[in-house]
Structure formats: C-alpha cells, structure tokens
Amino acid sequence: MTLTVNAFSANKAGMTGLDKEKIQKIISSNTSSNFQEYSSKQIHRIEARIKRNNELLSRLSQEEIAKAESEMNLEAAHIEAERELTRVKVHIDMDAFFASVEMRDDPTLRSIPMGVGTDLMLGTSNYIARKFGVRAAMPGFMARKLCPELTIIKGDYLKYRKESSIIRKVFDEYDPNLESGGLDEVYMDITDYVAARKDPVSRKRIRYRGDCVCRLPLLSENDAINIVNEIRFRVEQISGLTCSAGIASNWMLAKICSDINKPNGQFRLADDKETIIEFMRTLPIRKVSGIGAVTEAILKGIGVEKCGDLFEKRGIIKLLFTELSWHWFLRVALGVSQRGASEETDNCLRHRKSISTERTFKPTIQLETLLDTIHFLCADLIESLAEGNILGGHVATLSIKFANFDRISRSQSANYRIDTVDNFYPMMERLLRKEMKRGLKIRLLGVRLSKLEFLEKETDATKRKSQKSLHEFLVPKKRLSASTTNEDSDDLFSDQFTIPPSEADSTEIPSTSSRSTIQCPICNQNFVYDENGKINSHIDECLNLEIINKMEETPSEAAIRPIKQAKSSSKSSTERYKAFNELLYC
DNA sequence: GGAAACCCT
DNA sequence: GGGAAGGGTTTCC
Ligand SMILES: Nc1ccn([C@H]2C[C@H](O)[C@@H](COP(=O)(O)OP(=O)(O)OP(=O)(O)O)O2)c(=O)n1
Ligand SMILES: [Mg+2]
Ligand SMILES: [Mg+2]
Ligand SMILES: [Mg+2]
C-alpha cells in the first residue's frame, strides 16, 4: 500500500497546471532528516488508522453494511427534507491577503514573486510566486529553492488586522450579522438585503490613495450576482485590494465557490438540488472546509476521494466513524444546508475562548533560558489581555515542542483568576520543570489562558463569532436581529456606510437636493453644489486621509506582531531576555 | 478536567 | 541550516 498524505492541498487558487513532481522533488531534497522523521511518524500513524479501518471492514458482513446503508438512506431523507434553497449565502475571501497589502503599499513588489513571512515560514505568497509552487505554510528557505528570485517580506500583523476592519465595514452594510472566518474572510447572508433593495443604487467612486486602479461610477442591478460584484468593487475602492466571492444556498457551498474564480472573481452555484448534487459528486473531498490532510488520507483509504463517494460508501462510513462524523459526511455529500423549524436558541455572538502566544527558537535544553522564555511569554500575554477586555483566565496551559517536532501541552486549572505575571509564571515554571526531566531539547514554548473572564462592556468589538463546527457549518445558528447590534461610536465611516439599502451613499450628491452648498461628511468643509468635480475629489482625498490616519492611529508597538522579540522597559528584563533573544531565529 | 489530534487562517 | 503563530472543535481517558 502506498500512502500519500498531502500536506498541501492540491490545486490551490493560482496554482493549476504546475509541475507537481518537480516541486515535490525540490521539497523532499531540502527536507532535513529531523523533519523527515517527524513526517514519517505522522504517516505511520495514519497508515495504522487505515489498516485498522480495513480490518474492521473485512469483518463486516454484507448484511451489516446493507443495514447501515439503509439507515443512512433514512437519514439522507431527513436531510433532504430540510434542504434550504432560498437563502443567498455569500463567502468573501481576500486575494493573497497579506501579500496584496504589501504589494499595494510598495509598488515595486507588484510585478515580482514575493511571499510574506520569514525564512522559516511563509504566511502566504502573491500569485506570481504561486506559479513557482511557492505558497502559504511553506518555509521561506524552501520557497527560495523553488523560486530563487523570491522576495520575502516580514509581515505586519497589526496592519492586516486594521485592513480587515476597514473592509468589514463594507460587508457590514450588507449583512450586519455576518460571521467572520479569520482576518480575510466573511460569511454573509444577504437574502434580506437583496429583497429589500428595490431600486438601482448609484455610487460615486471612492479612490484609494496612491496609484491603484480606479474605475468609473457603478450603477448596480439588484440581483445577488450584481450586488456581490458591487460589494467586491467597493472593497477594492476603499482598500485597494481585490477579493473573491462564492454565492450559494449555504455557507459550505459558498466557501467552496469563492475559490473557483479566484483571484478577483466570483462564482454562483445555482440553487437547485440537481445542480448541487452534481457539483458535489465530482468535488474532491479536500475542498470542503473541515476536511484536511489526515481525513483526506483516511477517506482515501476506504476509496473515498470525491464528495459523491461519501454517499456511495455511506454504509461503511456509518460503521467506521463517529455519529457526528458520518452525519456530517452525509450532509457534505448531499451539499445540504438545513434550516429547520427548530433553531438553536443559542446566540451568535460569543466571546473568544482562549488567548495564547508562542515562540520558536534554536533548540535548547538550558533551563535558565527556557524559564526566561516563558517569563517573557507570560508577561507578553498578560500585557495583551487589556486590548481584548480580558480580565484573566482560569486555566493556564504550557505548550512545548521538542527538537523532533513532537508537541505536548500541560494545563492547570485555578479557582482564582490568573491575571498577573506573578500568578501565571509560577504555574508555567512548575509545569516546565516537570517536563524538563525528559532531557530533551526544546524548540518552541507557548503559554495560553482559557476559561476567560471578560470586562463586560457592551461593545461588539470585544466579541467574536465562534468557529463553525462540523455541524454548524451546515446548520446556521439563529441570528441576532439587527436592532440589537450597537453602532461603534468611534466608527470612522458610520455616517457614510450605515445608510439603508434603498438609499444612495452619502458620498453621492443627492440629486433631489436643492441646496446650493454641500458639506463634506468627513471634515465638514462646505462646497458650492455645482462644483461637482471639486467636492468629489475632495471627498476622495478626505476618505483616504481618514484611512491613513486610522492606520497610523495605533503605533506599531501596540499589539500583535508576526514575530516579536523580547523588549523590555527595564534593564533587568533586557538582561533577563538576552539569551532567549539570541536563540530567536527572527 | 486534561491531553492529543484534528481543523482553519 | 533552517519547517510559524494564532485560534478553533472533537475524541478519548
Ligand atoms: N497557513 C496560513 C494560511 C494563511 N495565513 C494568513 C496569510 C494569508 O494572506 C491570510 C489569508 O489566508 P487565505 O487562506 O485566505 O490565503 P490568501 O488570502 O493569502 O490567498 P487566497 O487568494 O488563496 O485566498 O491568512 C497564514 O498566516 N498561514
Ligand atoms: Mg484569502
Ligand atoms: Mg481566507
Ligand atoms: Mg479542506
């Protein structure tokens, strides 16, 4: 049996038609034996699972399988009865997000292959680099072998986070209850918006600063496709960044669709059962969010490669997997989202569940240095709590990665609130000392707080959506009504972008207005009405200035960075973190 | 409750 | 020579 575990999913956007053999060769020939052993261990584990599955399978009688299959048929009928085809679900995902931001801000990067990250790891790459096989989650040094010309930019996480909040204001207008999946993507339900928008809306151009591409004013139609085009267009105007969208009757499908015409494109999957089932029939399972490298390999081990196979093999699947899993697999196969009469009473806004920080460094066994490292990590984490209105946590976890890449975690609950270095560090120290007895070199340490307590302020910014679980992906949670969502008082664009769908943007000159002067909605400067071009370009500049100001509002020191070194306010910490800093790779 | 193995960006 | 960092859920004990 030859097992393939694809660490990288096949055919990522912008990576079709690549010489995968050649790329794989270059990757393997640059893999250290250390990492190779780690990968082999992973593969062996999966092989063992596949073998076990096959043994279980060989002991099953045809009757048992037939019975399971008919039970699945029943289940499928239930799912089918709940198939929801009337919602307009949209997934929007920024194109090469981190890389696009860097390209926007430095024109010299626009025409060359580049990646964002470090020599050790890339967070993403631009589409030029993808042609060489360079992609997210690939070490920078490997990427250089594939593409010697590659420029690697160290990212600025704070910048991306700010960018994320800027574009989200556009999405918010179309669905105030949108759910976020990471910095660069959102899940929306624009059914109500589409229904509410009766008349075409004309919007004036808002040019992003710099020499980005600008387009003419937009006059949008009112169907889903045009509205999503409009959303993407406005995102580009406000940010200078492109995105791609998927439109379908549920989020699982929409997410898959947003990748189809990436970059800067969109795809709509028709909302009828036949189209959906045919779409799923030939769709590689890995495309589904929630099916990763391991599940792909395990399913392949029982002959499942396409989502359609999940239905074909439903009998054995029911017998080999947990109920949650087989149920979800079945829904995936059918491409079904349900929206039953019984909705979860549960919320849709939720607090984050944990906060963590970790560092990779040159493997060491020196206790002092390691202790200083966790001291730094603890201090860093405690310091970052305020930003998220977190008071502290009741569970502290130490994460260790040994030189051979094996990872363990050790956690401890407390009946008091862990909220200072003084009541955090000692716990971590104790846990670390215990594990040091193994006498193994360590390459990463991390600390985490969970069971968090929050400073209860009614600001939505402190809350976040839960990650969609297998089940939730297909069964949407009940949404808050729009009226329960508060306006951010410090929202720069609150005047511009909270206008009901039927009205035009305030950046557009009201055609019904007979006033002879008009006020810039941002700086309140007055303009004579017929100086049309003048006010428009003024507002452009004003808006752009706002964005720039906002970016500069928080100094780069303030929050998360991709790689943070130990810096300190006091001399003693400078000394304390010295050895640790020297071991940091970046 | 704790730990590991998945998953996602 | 070198393989990240942040967050989540599910499963097993
Ligand atoms: N393993 C990963 C994957 C992603 N990211 C970061 C960098 C990406 O820019 C951003 C968004 O992830 P996407 O998966 O959406 O990838 P991109 O936006 O970069 O590219 P695409 O155009 O394929 O969406 O998250 C990361 O740090 N590490
Ligand atoms: Mg993206
Ligand atoms: Mg994304
Ligand atoms: Mg997947």
Side-chain angles (χ1 to χ4, degrees), chain A residues 7-9 27 30-36 38-39 42 45-46 49 93-94 97-98 115-124 136-145 154-155 157 160-161 164 180-186 255 286 288-298 321-325 328 350 352-363 377 380-381 384 388 394-401 403-414 431 443-451 464-473 559-564 584-586:
Chain A
F8 297 124
S9 62
I27 291 178
N30 285 284
T31 296
S32 68
S33 60
N34 195 23
F35 192 80
Q36 183 51 52
Y38 166 73
S39 305
Q42 163 94 357
R45 271 204 310 273
I46 296 169
R49 283 180 63 177
D93 187 294
M94 302 304 292
F97 187 46
F98 292 4
V116 179
T118 68
D119 246 25
L120 284 193
M121 189 53 66
L122 299 180
T124 192
M138 177 178 280
F141 65 86
M142 286 252 196
R144 279 221 174 77
K145 308 279 183 188
K154 193 170 121 179
Y157 215 83
Y160 311 139
R161 197 211 262 176
S164 177
S180 131
L183 284 183
D184 94 318
E185 58 192 85
V186 290
K255 164 96 173 161
R286 184 73 179 266
V288 176
S289 181
I291 296 182
V294 175
T295 309
E296 179 185 46
I298 298 284
F321 293 89
T322 63
E323 176 169 357
L324 206 66
S325 292
W328 182 65
R350 225 196 283 176
R352 68 191 300 173
K353 292 217 159 71
S354 69
I355 184 167
S356 65
T357 186
E358 64 189 33
R359 245 9 132 236
T360 292
F361 41 82
K362 193 159 168 287
L377 292 169
D380 188 38
L381 196 74
S384 67
H394 284 86
V395 176
T397 305
L398 176 71
S399 187
I400 301 173
K401 183 149 71 180
N404 65 358
F405 296 96
D406 279 349
R407 248 190 124 133
I408 63 168
S409 67
R410 295 289 177 262
S411 62
Q412 193 185 335
S413 301
L431 294 176
R443 81 188 319 276
L444 169 147
L445 285 172
V447 298
R448 178 167 73 245
L449 283 177
S450 48
K451 288 228 161 55
R464 64 190 314 288
K465 307 299 200 312
S466 68
Q467 183 175 101
K468 272 162 288 300
S469 67
L470 293 187
H471 207 65
E472 287 165 335
F473 219 109
I560 41 172
R561 311 144 196 80
I563 306 291
K564 177 168 158 184
L584 280 178
Y585 283 119
C586 305

Contact class for A:Met138 vs. all strands (heavy atom < 4.0 Å): base, sugar-phosphate, or nothing? nothing
Evaluate the side-chain proximity of A:Lys401 to A:Asp406: yes if any heavy-atom separation is below 4.5 Å, no if none is. no
OG1 on A:Thr357 to CG on A:Asp380, rounded to 0.5 Å: 4.5 Å
When we call it a touch if two heavy atoms are under 4.0 Å apart, what does A:Arg49 touch: a base, just sugar-phosphate, or nothing? sugar-phosphate
Proximity to DNA chain B (any heavy atom under 4.0 Å), residues of residues 404-412 of chain A only: A:Ile408, A:Ser409, A:Arg410, A:Ser411, A:Gln412
Which label fits A:Tyr157 and A:Tyr160: parallel for a plane angle under 30°, tilted from 30 to 60°, or perpendicular past 60°? perpendicular
Nearest whole angstrom, please: distance from the P of C:dA5 to the CG of A:Leu445. 11 Å
A:Glu185 CD - C:dG8 C1' separation (whole Å): 13 Å
Sequence neighbours excluded, the answer for side-chain contact (heavy atoms from CB on, under 4.5 Å) partners of A:Glu358 is A:Arg407, A:Leu444
So where does chain A start and stop touching DNA chain B, 5' to 3', when the test is distance under 4.0 Å to a non-hydrogen atom? B:dG1 to B:dT9
For A:Ser450, check side-chain hydrogen bond (donor to acceptor under 3.5 Å, both in side chains) against everything at least two apart and list the hits. none
If you look at every strand shown and take non-hydrogen atoms under 4.0 Å, does A:Thr31 touch a base, only sugar-phosphate, or nothing? base
To the nearest 0.5 Å, what is the distance between NZ on A:Lys145 and CD1 on A:Ile27? 13.0 Å
What contact category does A:Ala137 fall into here, base, sugar-phosphate, or nothing, at under 4.0 angstrom with non-hydrogen atoms? base
If you only use heavy atoms from C-beta on, which nucleotide in C:dG8, C:dA5, C:dG2 is closest to the side chain of A:Ser354? C:dG8
Phosphate OP1/OP2 of C:dA4 contacted by A:Lys401 side-chain N/O (<4.0 Å): yes
Residues passing the side-chain hydrogen bond (donor to acceptor under 3.5 Å, both in side chains) test with A:Arg49, sequence neighbours excluded, are none
When pairs are called at under 3.5 Å and a stem needs at least three consecutive Watson-Crick or G-U pairs, the stems of DNA chain C are B:1-9 with C:5-13
A:Thr322: which residues meet the side-chain hydrogen bond (donor to acceptor under 3.5 Å, both in side chains) condition with it, sequence neighbours left out? A:Ser325
So how far is it from A:Ser399 OG to A:Ile408 CD1, rounded to the nearest 0.5 Å? 8.0 Å
Does a side-chain N or O of A:Lys353 approach OP1 or OP2 of C:dT9 to a distance below 4.0 Å, or not? yes
What is the distance, rounded to the nearest whole Å, between atom CG of A:Leu122 and atom P of C:dA5? 13 Å
For A:Ala7, which residues count as a side-chain contact (heavy atoms from CB on, under 4.5 Å) partner, sequence neighbours excluded? none
Pairs under 3.5 angstrom, nitrogen or oxygen only, protein versus nucleotides 11-13 of chain C, please.
from: C:dT11; atom 1: OP1; to: A:Thr322; atom 2: OG1; distance (Å): 2.5

Choose from C:dG6, C:dG8, C:dG2 the nucleotide whose nearest atom is closest to any side-chain atom of A:Leu120. C:dG2
For A:Asn34, check side-chain hydrogen bond (donor to acceptor under 3.5 Å, both in side chains) against everything at least two apart and list the hits. none
Which is true for A:Asp184 with a 4.0 Å heavy-atom rule: it touches a base, it touches only sugar-phosphate, or it touches nothing? sugar-phosphate
I need the CZ-C1' distance between A:Phe141 and C:dG1, as an integer number of Å. 8 Å
Checking A:Arg45 now: which residues fulfil salt bridge (Lys or Arg N to Asp or Glu O under 4.0 Å) with it, not counting sequence neighbours? none
Using a cut-off of 4.0 Å on non-hydrogen atoms, how would the nucleic acid contact of A:Val288 be classed: base, sugar-phosphate, or nothing? sugar-phosphate
Would you mind classifying the nucleic acid contact of A:Thr295 as base, sugar-phosphate or nothing, using non-hydrogen atoms under 4.0 angstrom? sugar-phosphate
Going by the rule salt bridge (Lys or Arg N to Asp or Glu O under 4.0 Å), which residues pair with A:Arg286 if we only count those two or more places apart in sequence or in a different chain? A:Glu296
